[in-house]
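Below is one structure; the comments refer to it alone.
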2 protein chains.
Amino acid sequence: MSAPAINRAPETLLTPGQVAALFHVDPKTVTRWAHAGRLGSLRTPGGHRRFRESEVLQLLASLTTEAVRR
Amino acid sequence: MSAPAINRAPETLLTPGQVAALFHVDPKTVTRWAHAGRLGSLRTPGGHRRFRESEVLQLLASLTTEAVRR
DNA sequence: ATCCAATGGGGTAATTAGGGGC
DNA sequence: GGTGTCCTAATTACCCCATTGG
């Protein structure tokens, strides 16, 4: 790979509060998911968590069920 | 903010208890509706359900019968 | 350096899920 | 056929305060 090891990741990161708003849960719950390994987490040097928008949206979509139309 | 997507809440989500309060039924009944496919269900990684407010309101309206003015 | 809002960690109460039977 | 209530187990919500982020 001639590509540099460090890809400048234009990956949009979300705060626990943002993820919590998407699922309508408490930010602490999102932290619990990360701790349980259900969600990949990026840690800041201070210990705060950041989540990948793409991963969160994919998880959200995979857990969404449409109502049957009749 | 060049971050698209999550800036604004896509839709307001309701808990089973909230939906049950709107219909004056037991939360268990709302769960049955979701299981029957009458209501779109959004599951949290923990297994709890969340419902779209717009969808619930639409269902509520569709089940509402108004008296005919004559 | 200060400000303010949000996050983390711990612990406890409330809600939810699932099955079973009326 | 559909709903309310019983049970237990799991998940989530809210409380505190110290620290982090911008």
Side-chain angles (χ1 to χ4, degrees):
Chain A
M1 307 257 220
S2 42
I6 39 166
N7 301 338
R8 355 120 157 120
E11 193 75 54
T12 304
L13 297 180
L14 301 177
T15 62
Q18 289 281 26
V19 181
L22 286 175
F23 284 89
H24 197 272
V25 293
D26 196 272
K28 297 304 178 84
T29 303
V30 180
T31 298
R32 217 172 281 118
W33 295 342
H35 187 271
R38 294 191 174 109
L39 208 51
S41 60
L42 286 288
R43 308 278 302 214
T44 65
H48 286 200
R49 286 171 247 259
R50 294 286 123 92
F51 304 94
R52 296 175 179 272
E53 180 186 49
S54 58
E55 185 179 351
V56 172
L57 291 179
Q58 182 181 343
L59 178 63
L60 184 63
S62 66
L63 293 174
T64 300
T65 302
E66 302 287 342
V68 270
R69 230 179 195 290
R70 26 183 0 248
Chain B
M1 281 297 208
S2 46
I6 318 300
N7 239 349
R8 61 283 182 83
E11 293 189 55
T12 305
L13 298 178
L14 300 177
T15 62
Q18 288 282 13
V19 180
L22 287 176
F23 284 89
H24 286 88
V25 294
D26 200 88
K28 231 44 181 234
T29 303
V30 181
T31 299
R32 290 191 183 109
W33 294 346
H35 187 269
R38 287 188 230 271
L39 217 47
S41 60
L42 194 161
R43 315 272 300 206
T44 66
H48 285 205
R49 284 175 246 257
R50 298 280 119 99
F51 304 95
R52 301 173 185 271
E53 183 186 48
S54 58
E55 189 175 342
V56 172
L57 263 42
Q58 183 181 346
L59 176 63
L60 187 60
S62 67
L63 295 179
T64 301
T65 303
E66 296 184 9
V68 185
R69 275 284 213 86
R70 36 161 57 187

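Below, all heavy atoms of this structure are taken into account, side chains as well, without hydrogens, waters or symmetry copies. Just so we're clear, the structure is a prediction, and the values are computed from it rather than from any experiment.
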Please determine whether a side-chain nitrogen or oxygen atom of B:Arg49 lies at a distance below 4.0 Å from atom OP1 or OP2 of C:dA17.
yes
Of D:dT5, C:dT7, D:dA13, the nucleotide closest to the side chain of A:Pro16 is C:dT7
Look at B:Trp33 and D:dG2 and indicate whether a side-chain polar atom (N or O) is within less than 4.0 Å of OP1 or OP2.
no
Counterpart residues, side chain to side chain contact (heavy atoms under 4.5 Å, CB included), relative to B:Leu60 (two or more places apart)
B:Phe23
In whole Å, I'd like the distance from the CZ atom of A:Arg32 to the C1' atom of C:dG10.
11 Å
Rounded distance (nearest 0.5 Å) linking atom OG1 of B:Thr44 with atom NE2 of A:His24:
12.5 Å
Intra- and interstrand pairs of DNA chain C - dot-bracket, Watson-Crick/G-U under 3.5 Å, | marks other strand
..|||||||||||||||||...
Do the side chain of B:Lys28 and the base of C:dG18 come within less than 3.5 angstrom through a donor-acceptor pair of N or O atoms?
yes
How long is the line joining CZ of B:Phe51 and C1' of C:dA17, in whole Å?
11 Å
With the threshold set at under 4.0 Å for non-hydrogen atoms, list the residues of residues 59-68 of chain A touching DNA chain D in residue-number order.
none
Check the distance between D:dC14's C1' and A:Asp26's CG and give it to me in whole angstrom.
7 Å
Check residues 27-40 of chain B and write down every donor-acceptor pair under 3.5 Å in which the side-chain atom is one partner and the other belongs to a residue at least two apart or another chain.
from    : atom 1 : to      : atom 2 : distance (Å)
B:Thr31 : OG1    : B:Pro27 : O      : 3.2

B:Leu13 CG - D:dT12 P separation (whole Å)
14 Å
Shared hydrophobic cluster, A:Phe51 / B:Leu13 (ILVMFWY, side-chain heavy atoms < 4.5 Å):
yes
Using the closest heavy atom to pick a nucleotide of DNA chain D for each, name whichever of B:Pro27 or A:His48 lands nearer the 5' end.
B:Pro27
Selected nucleotide, minimal atom distance to A:Arg50 side chain, candidates D:dA13, D:dG22, C:dA17
D:dG22
Whichever hydrophobic residues join B:Val68 through chains of side-chain contacts under 4.5 Å
none
Show me the pairs that pass side-chain hydrogen bond (donor to acceptor under 3.5 Å, both in side chains) and involve residues 47-56 of chain B, at least two apart or across chains.
B:Glu11-B:Arg52, B:Glu11-B:Ser54
Does anything in residues 35-46 of chain B reach DNA chain C, meaning a heavy atom under 4.0 Å, and if so which residues?
B:Arg43
Side-chain N or O of A:Thr29 closer than 4.0 Å to phosphate OP1/OP2 of D:dT11:
no
Within the structure, does a side-chain N or O atom of A:Thr31 lie under 4.0 Å from either OP1 or OP2 of C:dG8?
yes
Nearest 0.5 angstrom please: B:Leu57 CG to B:Leu14 CG, how far?
8.0 Å
